[in-house]
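Down below is the structure, laid out as structure tokens.
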Amino acid sequence: MSAAVKHIIVAGGGVAGMEAAGALAELGHRVSLVEKEKKPGGHLLQWHALFPDHRPADEVKHYLNVRIKNENITLYTGTGVEKIKHHGHEVVVTLTDGTAINADAAIIATGFDLFDAHRKEEYGYGIYDNVITSAELEDMFTAGKVTTTDGSIPSRVGLVHCVGSRDEKVNNNHCSKVCCVTAVKQAIEIRKQLPECEVFCFYMDMRMYGPYYEELYRESQEVYNVNFIRGKVSEASVNINNRLVIKVEDTLAGRPLKMELDMMVLMVGMEMSKSGTLLAEASGLKRGVNRFLETGDHHYGNNLSSIRGVFYAGTCTAPMNITDTISHARAAVSETVRYLNSR
Amino acid sequence: MKIDGKKRIWAEYQKDIPDDHFFYVRSCIRQTFFAGSEQTFLKIMRDDLGKDMFEDPRHTTCTGIGYHGDIVPFETIQTVVARHFALATEAGYKNIAISCVTSFGIYTEILETWKHFPELLAKTRESLYEATGRTFELPESIAHASDIIYKFRDEIARKAKYNLVDISTGKPLKVVEHIGCHYAKMFPNYGIGGAEFPHVLVGMIESWGGDVIDYPERRHCCGFGFRQYLVQANRGYSVFATRKKLESMEPYRPDMIVANCPGCAMFMDRWQYTIKEIDDVTYGHDGQGIPVLTYEEMAGLILGYDPWKLGLQYHNVQSLPLLRKMGIKADPALRFLAKDGSRLPEPANLINS
């Protein structure tokens with residue numbers, strides 16, 4: 001090992017952590033990649049196809065798996081990171097199994113948790129059959145079978161935007177950014193798999209911020225006849241035939257709407273992860289009003305933490321899509337290398 | 001429907017309800033709406049459960065209807081409620097038991113306001129002292145009377161003379177439960193089971209042998225709503241709201257409706273009469289109406305109280321079909337007798353009569 005080779009610990013083996021680990025290893029550094037689950041991949045593992053181009057998620061999973069197949073990377077799975085502190089010229093990382101590892105720097109990439117849909121009690125998730133989350137719908141796409149709990153083909157599906165996002169009632173004022181385009185992508189996939197099925201999206205605003213998102217939104221209407229209704233679903237229940245009944249205010253038509261559905265999909269947003277929260281609290285890392293990790297500077301220090309030698313990558317700082325997560329991870333690597341070279 | 005999902009929510013919204021020693025505050029309207037309910041609650045608490053219930057005749061309306069009708073200012077209602085607390089303090093009681101859901105909402109709103117704006121509490125203390133010379137301690141607990149019956153529901157079940165079961169089939173009666181908006185919608189943590197899937201009445205119904213109906217318009221307004229009813233021009237809207245609920249529950253063939261709010265029980269009962277008069281439509285079995293009971297009346301039936309002493313005859317929809325199903329013998333000819341045995345005038349066109 002040359003004198004220039006450094007040891008960096010990457011906390012979290014999702015998209016950001018895998019990309020950061022791969023980029024550091026490519027530069028010749030020794031990397032310990034720590035993932036709390038049994039295998040790396042994070043939330044991407046649950047995706048079937050990606051927006052905006054319906055690319056199979058497996059392609060990106062494959063890219064990242066190849067990225068971390070590097071002799072410079074040691075992968076630890078089934079253990080999380082409990083605490084990080086700066087000591088002398090090093091950082092000391094304590095794993096949840098009690099192991100302490102010394103390193104030259106650390107990158108935190110603990111990601112996000114999906115909003116727990118149970119908390120929006122009015123939607124009846126976990127109570128009424130056929131109220132599912134966007135992640136569970138993605139599982140159905142992977143299985144190639146979108147069906148109701150009794151195995152029948154749904155004839156009408158509703159997708160509810162902003163579940164756990166932009167919602168003071170659940171203490172989440174932030175926009176999770178990717179749910180709108182996910183809904184559009186999933187609506188198209190339902191229409192592709194079930195051409196006879198009507199699909200309705202219930203939204204507050206359509207936030208099509210990324211490249212080709214607006215085009216996808218237009219395509220969903222022009223080619224796939226997805227219906228978009230501006231209004232939040234206020235409550236769900238079931239009728240005597242166990243069919244879902246929802247109430248919505250159609251704010252463009254200016255009237256309340258009641259509709260029966262065979263399936264309701266909750267577009268669950270992103271929240272600061274529990275593991276990241278515990279790590280932040282144990283390590284004295286600042287968090288913002290949105291509870292994600294607060295970066296050193298919002299504009300030009302977006303990978304910097306308040307601990308010397310510790311950097312941030314990906315959605316532990318804010319909701320972002322895969323493209324932005326990978327860019328953010330690469331920027332974290334750049335900041336880390338700059339720090340190591342300046343010591 | 002997954003009952004475990006409901007249990008998960010119910011477990012999150014439980015509250016500590018004292019075991020004994022309550023300062024009971026009556027409703028200003030319930031005694032005319034349901035003449036026997038409050039008396040039944042006190043009788044159950046004192047005679048069946050052996051609890052200490054204290055009442056002070058100087059207790060007044062909470063002025064909640066005026067407050068929600070925009071004619072009583074918030075400062076005034078805070079002072080009125082502070083006076084109630086002063087009466088409880090003077091009598092040595094720390095647990096308030098509230099008969100009315102509107103009052104319950106008022107008390108919770110005021111206590112929460114004082115928690116977040118202590119300067120308003122200080123101002124209210126000053127106003128009360130200036131007006132009456134009284135001082136007060138904040139109560140240690142406030143519970144709606146239905147919370148208290150919920151707490152003792154299993155004890156009541158052990159003393160039950162009747163159950164919510166159709167004795168001719170042995171099957172549970174199908175019961176619609178309706179919770180007043182001001183019970184938990186403003187502050188879900190104050191209500192047992194929260195706001196979306198309240199457990200307070202469900203718990204009683206299930207403990208006493210009945211089955212609960214979850215129908216699409218379960219959460220819909222009962223038809224009361226202060227502005228819908230108090231403003232005469234809006235009363236059509238009030239009837240429409242009740243009708244929407246009745247139409248939604250009709251396919252489930254409910255045996256009864258039970259509510260914990262004065263307005264809810266009142267309007268779901270009275271508007272059945274109105275709808276029958278206007279359109280000749282009813283929503284129960286075989287052309288009958290659906291009896292609407294308060295939870296105290298339901299508890300009283302379970303404990304074997306005389307239905308006519310509970311005041312069931314003063315509802316527009318009579319409970320005779322329900323009583324027959326439960327196996328309760330009650331002579332309809334004795335319904336409208338005064339205390340001295342003289343016959344009272346009988347209302348015309350009662351449903352199920």
Side-chain angles (χ1 to χ4, degrees), chain A residues 115-133 136 147-152 156 158 160 163-164 167-172 202 231-249 255-266 268, chain B residues 1-14 174 176-179 181 183-200 202 211-222 225 228 237 240-241 243-254 283 285:
Chain A
F115 176 78
D116 177 6
H118 291 101
R119 285 165 58 196
K120 289 297 289 177
E121 293 167 9
E122 59 269 42
Y123 296 149
Y125 177 73
I127 292 176
Y128 299 127
D129 296 330
N130 303 311
V131 179
I132 64 170
T133 66
E136 289 161 348
T147 57
T148 60
T149 48
D150 66 3
S152 59
R156 188 185 287 162
V160 183
V163 176
D167 186 345
E168 274 194 49
K169 195 175 163 187
V170 294
N171 195 26
N172 285 342
F202 302 100
K232 285 204 81 172
V233 173
S234 61
E235 64 175 69
S237 52
V238 287
N239 64 16
I240 200 161
N241 302 316
N242 203 32
R243 205 168 187 220
L244 289 161
V245 180
I246 60 163
K247 290 186 179 180
V248 191
E249 185 187 1
R255 62 175 61 172
L257 186 87
K258 197 158 107 176
M259 184 185 280
E260 288 188 15
L261 298 173
D262 298 303
M263 182 183 284
M264 182 164 82
V265 184
L266 306 177
V268 283
Chain B
M1 184 94 68
K2 301 162 196 156
I3 190 66
D4 284 347
K6 286 190 178 177
K7 285 180 180 168
R8 184 180 191 276
I9 289 182
W10 294 338
E12 285 177 20
Y13 295 97
Q14 289 296 319
K174 289 189 275 187
V176 163
E177 48 86 38
H178 184 88
I179 307 297
C181 296
Y183 173 71
K185 281 186 183 166
M186 294 189 292
F187 301 101
N189 288 328
Y190 278 91
I192 293 166
E196 297 294 337
F197 296 93
H199 192 233
V200 62
V202 172
D211 270 353
V212 175
I213 291 170
D214 191 346
Y215 60 109
E217 297 294 354
R218 178 177 58 81
R219 300 176 180 105
H220 193 68
C221 174
C222 65
Q228 293 162 32
Y237 186 62
F240 178 75
R243 182 180 194 132
K244 196 172 189 175
K245 281 186 81 72
L246 293 166
E247 286 175 350
S248 178
M249 70 179 76
E250 185 183 15
Y252 298 82
R253 299 174 69 81
Y283 298 93
H285 305 185

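At distances below 3.5 Å, not a single donor-acceptor pair connects side-chain atoms of B:Arg219 with backbone N or O atoms of A:Ser237.
Interface residue A:Asn239: backbone and side-chain heavy atoms are both found under 4.5 Å from chain B. Heavy atoms closer than 4.5 Å to chain A are found in the backbone of B:Tyr215, but not in its side chain.
A 6.0 Å sphere centred on OH of B:Tyr237 holds no more than 12 heavy atoms belonging to other residues, nucleotides or ligands.
The OH atom of A:Tyr125 sits 7.5 Å away from atom NZ of B:Lys2, with the distance rounded to the nearest 0.5 Å.
For the pair B:Arg8 and A:Glu121, the salt-bridge criterion is not met [side-chain N within less than 4.0 Å of a carboxylate O]. In summary, A:Glu235 and B:Arg218 do not engage in a salt bridge, as defined by a charged side-chain N under 4.0 Å from a carboxylate O.
Between A:Val238 and B:Met1, the shortest heavy-atom contact is CG2-CE, 4.1 Å.
Side-chain atoms of B:Lys6 and A:Ile127, non-hydrogen and from C-beta on, do get closer than 4.5 Å to each other.
The most heavy-atom pairs under 4.5 Å with chain B, out of A:Val245, A:Leu244, A:Ile240, come from A:Ile240.
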Report the C-alpha separation of A:Arg119 and B:Glu12 in whole Å, then their side-chain angles, then the decisive distance to 0.1 Å, and conclude whether the side chain to side chain contact (heavy atoms under 4.5 Å, CB included) test is met. CA-CA 11 Å; A:Arg119 285 165 58 196; B:Glu12 285 177 20; over 6 Å; no
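Using a 3.5 Å distance cut-off with no hydrogens or angles, the side chains of B:Asp214 and A:Tyr128 do pair a donor with an acceptor.
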